[in-house]
2 protein chains.
Amino acid sequence: MKHERPKISDVARIAGVSTATVSRAISSPDRVSVETRAAVQAAIDSTGYRLNHAARNLRRRRTGGIVALVPNLANPFFSQILSGIASVLGPAGYNLLVADTETAGADSLLDYAEPSRADGLIVLDGRLSADALRGRVPLVEACEWVPGLAAPRIRIDNLAAAELAIGHLHDLGHRRIGHVTGPRGNVLTESRLTGTRAALAARHLVLTDDAIYSGDFSIESGQAVADTWLGQPATSRPTALFFASDAMACGFIGEVQHRGLSVPRDVSVVGFDDIELVAHISPPLTTIRQPRTDIGRRAAERLLAKIVGDPVDEDTILPVELVVRASTCRVGRTG
Amino acid sequence: MKHERPKISDVARIAGVSTATVSRAISSPDRVSVETRAAVQAAIDSTGYRLNHAARNLRRRRTGGIVALVPNLANPFFSQILSGIASVLGPAGYNLLVADTETAGADSLLDYAEPSRADGLIVLDGRLSADALRGRVPLVEACEWVPGLAAPRIRIDNLAAAELAIGHLHDLGHRRIGHVTGPRGNVLTESRLTGTRAALAARHLVLTDDAIYSGDFSIESGQAVADTWLGQPATSRPTALFFASDAMACGFIGEVQHRGLSVPRDVSVVGFDDIELVAHISPPLTTIRQPRTDIGRRAAERLLAKIVGDPVDEDTILPVELVVRASTCRVGRTG
DNA sequence: ACCTGATATGTAATCGGTTGCAAGATGATT
DNA sequence: AATCATCTTGCAACCGATTACATATCAGGT
């Protein structure tokens, strides 16, 4: 028993054909006669041959890999999108490479956007530089996007989402409605803030500065917002808050409950994302549902289409949905 | 402006040296004179040359990639481990490839455990077949493990964890203590169940069948357990439950609260994992903390060491910690 | 002046497949 | 019987780097 990996020439010798034929038997079986195909297959089985991807990729001038650039791998929001991406890429014969833009340096990101490393790129982080990405490999953006980069985008309608949330709160009689933002500069933060403002304006309400709370999507920042909100006079502070992420809404709810107030009696809360857990906390969170797996799936499909050169829509906006649970109620209702 | 990617020979020609020298200037700069190095660098800059990884990998007989086999990418528990893995692999010059063992077929998993695809493997799923993985590429296991596979493992002490949880509940006066398991057959399920049994036995208690609830780590299964538990007579059912995952504990708590009972007044709950959110729900969950990022980091370091041939410990057990929050209290306490 | 060892560079084989081109075989068409 | 299209297969160049080996240069020692 020898320990060398069998190569295509070993298979060829044993099957009594040329390496070209073995290669064809593997990658385009119909170009080879049935008998030869069987002989090659037998030789492959008997040698335990497995082809060398580096060699194939070199010759084919492709890599078989797609890179996903994720802002923060530890965030469950992204893991579900990755799951959608993986479910498409795997069956299509591509590997999914993930890179965390937090831990990777700027230059190593350049390395990823490189034809010899990956055949395509899925960008999930809007903070990256458009110049660094432009004109390198086929790419699509999902969820977030880089302003000024012309690439197909898979995203949700953040303005419509804000309209749903604010409409819901307004319908419940709330008139003092606040908004808790994500980190400044983030494209999602801006569009959700803009949407909130517009939805309020459509109802002849204004979003005053003291009703805008700045967070960063994290649980802790939601907790901090609770502190700010609790410090405002009960007679003038918002009776309802629309959060730009579920995580912040959770942090907020946890903290106000800890301080002895009740949600939704004392304040109504609408989140954003519908991450899995929030349906099961007390009170179950009213929130905007994003089709996360679907976003990932679509992004991957779009990218594959772009790689083979099919024409692709430049922008896809997936629908969001308001999921009404128990963290919102009519204003002033007792109990 | 030509559109062909410059190759190493282009750089060599412009720098007035041979390709061998360019190659050396790139990968072992100290073997090249200062002047030549500068000339090569200038040529690289002027051409915008980037090396072709497929070619390098082919020649070096390596791939520069490490595959992580994850049971379920959408699960936040794993995303944090991946984050730890990525933080080590990136700086070490390796790509992280992730494969979801749910979506990938069994044969495509074989493809991943392949020297031409990856230089190493991190297995996070204990359900895989030992035979399929044995003797292919260097691998380590993290969290879960495949029985019968001789590979370095990074894991936590599940028995000690159960001892901590049960000890805590016992100290609070609980005597009827139940356990909610993960899916049958999972190695973590078994060791946590065994640990629970042992910890109870050490306190002269037995774990009866009706105090063992079978779940599958998911939120929904925790919800289902609530149903079962609520159906048992209040005088004989457990007054405290130790869950094999936080997700199940959350599902359980949500459901019993929904049915009008209170945690911890009516039942004390201990979770497992300490996922980020559970510190912020009501009541904040008492749970076993697993050092997730650290597990990922260690697994990656161990694998890299194994790849370069350093001797590695076969087994690493990381400490767990009981985090006492508000979901547990003395038995029978009112309020 | 000659030898030795270190340093710097070039030559060419090599990694393991893929594929354009050509040739031989087979069957159908006129 | 000659011609042509189709199907199968082999030959050999090629993908773009790395590296063993050979060669050239130069400093220092005797």
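Just so it is clear, the values below take in all heavy atoms, side chains as well, and ignore hydrogens, waters and symmetry mates. Just so we're on the same page: letters track the sequence lines, and every chain starts at 1.
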- prompt: Do B:Asp10 and B:Arg13 meet the salt-bridge criterion of a basic N to acidic O distance under 4.0 Å?
  reply: yes
Winner on side-chain proximity to B:Asn52, out of C:dT19, D:dA17, C:dG17, is D:dA17
>> Looking at A:Arg24 and D:dG10, is any side-chain donor or acceptor paired with a base atom of the opposite kind under 3.5 Å?
In response: yes
* To do: Indicate, with a heavy-atom threshold strictly under 4.0 Å, whether A:Leu58 touches base, sugar-phosphate, or nothing.
  => base
Picking from D:dT18, C:dT18, C:dG17, the nucleotide nearest the side-chain atoms of B:Ser23 would be D:dT18
In plain terms, say whether A:Arg5 and B:Glu114 are close enough for a salt bridge, that is, a side-chain N and a carboxylate O under 4.0 Å apart.
yes
Against the side chain of A:Ala20, the closest entry in C:dT19, C:dT9, D:dC15 is C:dT19
Checklist entry - With sugar-phosphate meaning primed atoms plus P, OP1 and OP2, does A:Ser116 contact a base, only sugar-phosphate, or nothing at under 4.0 Å between heavy atoms? => result nothing
query: Reckon A:Thr21 touches a base, only the sugar-phosphate, or nothing at all at heavy-atom distances under 4.0 Å?
result: sugar-phosphate
With the side chain defined as heavy atoms from C-beta on, B:Ala55 is closest, among D:dA17, C:dT18, D:dA20, to D:dA17
Looking only at D:dT9, C:dG16, D:dT18, the nucleotide nearest the B:Ser27 side chain is D:dT18
Taking C:dA8, D:dA12, D:dG16 as options, the one with an atom nearest any side-chain atom of A:Thr19 is D:dA12
Please evaluate the base of D:dC14 for a donor-acceptor partner in the side chain of A:Arg59 within a cut-off of under 3.5 Å? yes
Open item on the list: Any base atoms under 4.0 Å from B:Val22, or only sugar-phosphate, or nothing? Heavy atoms, all strands.
Closed with: nothing
Distance under 6.0 Å and angle within 45° of the ring axis: does B:Arg62 meet both against B:Tyr94?
yes
Within a radius of less than 6.0 Å around CZ of B:Arg31, do more than 12 heavy atoms belonging to other residues, nucleotides or ligands occur? no
Check: Just checking A:Ser9: base, sugar-phosphate only, or nothing, at a heavy-atom cut-off of under 4.0 Å?
Finding: nothing
